[in-house]
Protein chains: 2
Amino acid sequence: MNTPAQASHDDSYASEHDHKKCVSEALGTAEHLCVVRGVQLTPIRHQVLELIWENHKAVKAYELLDRLKPQMDAAKPATIYRALDFLIEQGLIHRVESLNAFVGCRCSAHQHEQLLLICNNCQEVEERSAPEVMQALSQEIKQADFIVHSKALEIHGICVKCAQTMAGEQH
Amino acid sequence: MNTPAQASHDDSYASEHDHKKCVSEALGTAEHLCVVRGVQLTPIRHQVLELIWENHKAVKAYELLDRLKPQMDAAKPATIYRALDFLIEQGLIHRVESLNAFVGCRCSAHQHEQLLLICNNCQEVEERSAPEVMQALSQEIKQADFIVHSKALEIHGICVKCAQTMAGEQH
DNA sequence: AGTTAAGTGTTATATTATAACATTCGTCTT
DNA sequence: AAGACGAATGTTATAATATAACACTTAACT
C-alpha cells in the first residue's frame, strides 16, 4: 500500500493550540477513567496512547509499532494490536475505518461516537459531536427498525488549514 | 481473520422481495449508465457485478475471487480489485469501509453517498438516502469549514428480520 | 504452596491490497 | 496493410493489515 502524502502546516494543529496541555488532558482523563473502571492502563498501553496523542493525525498500527520499537525492542504486531484493542474498548481512541488507522479520542468520558472529519491532505482528524446529525440519525434508524450497535461516521476532504495553505500557494 | 457468522433467514431479503427483478434492474441500470458515460462494462466487470448482486450482503474481495474462479480460471486478486475499482468509480457498488467488503448500490444514477445499515448478524446492508441526516451533515460540515470529498456513513447493528428471528427463538 | 486471571512474549500465518511489467485487442493513423 | 496508441487484462511477486495459538510471567486470592 502506498504511503499517504503527509502534508504538514507550519501552523499545524500541534503548534496552533497548546498541544502539551491537549496531551496531558487526554492522558489524565485516560488514567482517571481506567482507575474508575477498574481496568489497567499498563505501561505498554500508556506508551501506545502517548504515541497516538503525539499529534491529531490518523496513524497506522505498523507505524505505531515502528515508533514503539526504540522504546521497546520486543514490540511485535500483537503488542500494538492488543494495546489498540484495549484503548478502543475503553473509548480512548477511535479506529478510523476508512483508513485502517487510529486517532486519539477527546470525548472518552461522554458519548464516544462522533463525526470524524478526516483531512486527505494532512491526515488530521477533527471530532465533532454533531448533535443535529446524531438526532437525525436516531430518527432515521428508528424508522428503519434497526438496532444500533455502533456507528462509523467518517467524512473525507480538506480541512480549513489545508484549504488556506493551498489557496495561499496559488499565487 | 475470522469468518463472520453468516446468519441466513428463511425469509431472507433475497426471497422476500423479487430478487430477480432487483438484479435485472441493477444490471440494466449499470449497463445503461456505462453506455451513457462511454465507459466499458466489460465481461469481467459485468460478472463481478452480478456476483455482488447475488444477494444484499456485504461480500469480501477474496470471496468474490473464489466465486469468480469457477467461471474464470485465470482470476487473480488483481482481476477482482480492478473490477471493484471500476465499479466503485462508477458508483455501481459501495465499499463498506468498516468491513473491507462490498455491496451493490441501488442508487447509482442519483446521489451515491448513502447511509448504510449493516446487520452484524446476517451481513445484509440496507441503503438509505436519509435526507434529514444529509442535510444536518451538510450544516455541520459547513460550520467546520471543511471541504467534503467523500462520506462513509455506516451503522452496525441488527436488522429488523434478524431481530424478529431472534425474538422468535427465545421461546 | 496452589490456583487463577490478566497481561505479555513469541512464532506463525491469515487476510486484504497493490506494484510492476508483459500481453492482448480494438481503433485510429498513415 | 503496418504501426502507434490506449484500455483492459494476464501474471508474478510482494506489501500492508490483522489474528491465532500457545508459552510464560506476575500479582492477587485461597
Side-chain angles (χ1 to χ4, degrees), chain A residues 1-6 30 34-35 37-49 51-52 58-69 71-90 92-103 123 152, chain B residues 1-6 30 34-35 37-49 51-52 58-69 71-90 92-103 123 152:
Chain A
M1 210 170 255
N2 64 333
T3 308
Q6 280 276 349
C34 287
V35 170
R37 293 173 183 169
V39 296
Q40 299 181 55
L41 190 59
T42 61
I44 292 180
R45 291 165 176 177
H46 197 280
Q47 281 178 72
V48 172
L49 187 58
L51 288 174
I52 289 175
V59 60
K60 301 279 192 168
Y62 277 73
E63 194 193 321
L64 286 172
L65 182 53
D66 289 341
R67 292 210 251 139
L68 184 59
K69 273 180 181 161
Q71 312 167 41
M72 232 197 101
D73 201 41
K76 300 271 182 339
T79 314
I80 285 290
Y81 280 106
R82 283 169 180 159
L84 290 171
D85 286 348
F86 172 86
L87 295 171
I88 290 168
E89 263 173 30
Q90 297 302 320
L92 303 175
I93 63 174
H94 292 287
R95 181 182 157 86
V96 184
E97 299 290 354
S98 51
L99 291 177
N100 297 330
F102 306 86
V103 71
Q123 280 67 60
Chain B
M1 211 172 254
N2 64 334
T3 309
Q6 282 273 351
C34 287
V35 170
R37 293 172 182 170
V39 296
Q40 299 181 54
L41 189 60
T42 61
I44 292 180
R45 291 165 176 176
H46 197 280
Q47 279 178 75
V48 172
L49 186 58
L51 288 174
I52 289 175
V59 59
K60 302 279 195 167
Y62 277 74
E63 193 192 322
L64 285 172
L65 182 53
D66 289 342
R67 291 211 252 138
L68 184 59
K69 272 179 180 161
Q71 309 169 41
M72 232 197 99
D73 200 41
K76 301 269 182 341
T79 315
I80 285 289
Y81 280 106
R82 283 169 181 157
L84 291 172
D85 286 348
F86 171 85
L87 296 171
I88 289 169
E89 264 173 31
Q90 297 302 322
L92 302 175
I93 62 173
H94 292 287
R95 180 182 159 85
V96 183
E97 298 290 353
S98 50
L99 291 177
N100 296 330
F102 306 86
V103 72
Q123 281 68 59

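Below, read A as the first sequence line, B as the second, and so on, with proteins coming before strands; counting in each chain starts at 1.
Rounded to whole Å, the distance from CD on E63(B) to P on dT15(C) is 12 Å. Whole-Å rounding puts the E97(A) CD to dT16(C) C1' distance at 14 Å. Residue I80(B) contributes atom CD1, which lies 16 Å from atom P of dT15(C) at whole-angstrom precision. Between the C1' atom of dA17(C) and the CG atom of L99(A) lies a distance of 15 Å, rounded to the nearest Å. Taking atom CG of residue L41(A) and atom C1' of nucleotide dG7(C), one finds them 13 Å apart after rounding to whole Å. dT15(C) atom C1' lies 12 Å from atom CG of D66(B), rounded to whole Å. If you take CG of L65(B) and P of dT15(C), they are 13 Å apart, rounded to a whole angstrom. In this structure, L64(B) atom CG and dT16(C) atom C1' are separated by 13 Å, rounded to whole Å.
Note that CD1 of I80(B) is 10.5 Å distant from CD of E63(B), once rounded to the nearest 0.5 Å. Summarising the geometry, atom CD belonging to E89(B) is positioned 9.5 Å from atom CG belonging to L87(B); distances are rounded to the nearest 0.5 Å. With rounding to the nearest 0.5 angstrom, the CG atom of L84(A) is 10.0 Å from the CG atom of L49(A). With rounding to the nearest 0.5 angstrom, the NZ atom of K76(B) is 11.0 Å from the CZ atom of R82(B).
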> How does each nucleotide of nucleotides 6-14 of chain D score, in 5' to 3' order, for protein heavy atoms under 4.0 Å: base (B), sugar-phosphate only (S), or none (-)?
Replying inline: -SSBBBB--
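For the helix from dA1(C)-dT30(D) to dT30(C)-dA1(D), the angle separating the two terminal helix axes comes to 10°, with each axis derived from five pairs and the value rounded to 10°.
At a threshold of 4.5 Å between non-hydrogen side-chain atoms, the residues N100(B) and N100(A) count as touching.
By the side-chain contact (heavy atoms from CB on, under 4.5 Å) test, Y62(A) is found to be paired with L65(A), P77(A), Y81(A), residues two or more places apart in sequence or in another chain being considered. With sequence neighbours excluded, the residues that form a side-chain contact (heavy atoms from CB on, under 4.5 Å) with V103(A) are H94(A), V96(A), V125(A). Legend: residues meeting salt bridge (Lys or Arg N to Asp or Glu O under 4.0 Å) with R95(B), ordered by chain and number and at least two apart, are E97(B). Take T79(B) and apply the side-chain hydrogen bond (donor to acceptor under 3.5 Å, both in side chains) test, not counting sequence neighbours, and it matches no residue.
Side-chain N/O atoms of K60(A) include none lying less than 4.0 angstrom from OP1 or OP2 on dA16(D). Within the structure, every side-chain polar atom (N or O) of Y81(A) is placed at least 4.0 Å from both OP1 and OP2 of dT19(D). For N100(B) and dT17(D), the shortest distance from a side-chain N or O to OP1 or OP2 is not below 4.0 Å.
When all heavy atoms are compared, the tightest approach of K69(B) to A75(B) is CE-O, 3.7 Å.
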Show the atom names and distances, to 0.1 Å, of all donor-acceptor pairs under 3.5 Å that link a side chain in residues 38-47 of chain A to residues at least two apart or in another chain.
residue: T42(A); atom: OG1; partner: R45(A); partner atom: N; Å: 3.4
residue: R45(A); atom: NH1; partner: Q40(A); partner atom: O; Å: 2.7
residue: H46(A); atom: ND1; partner: E50(A); partner atom: OE1; Å: 3.2
residue: H46(A); atom: NE2; partner: E31(A); partner atom: OE2; Å: 2.7

Nucleotides 27-30 of chain D: which of its N/O atoms have a protein N/O under 3.5 Å away?
none

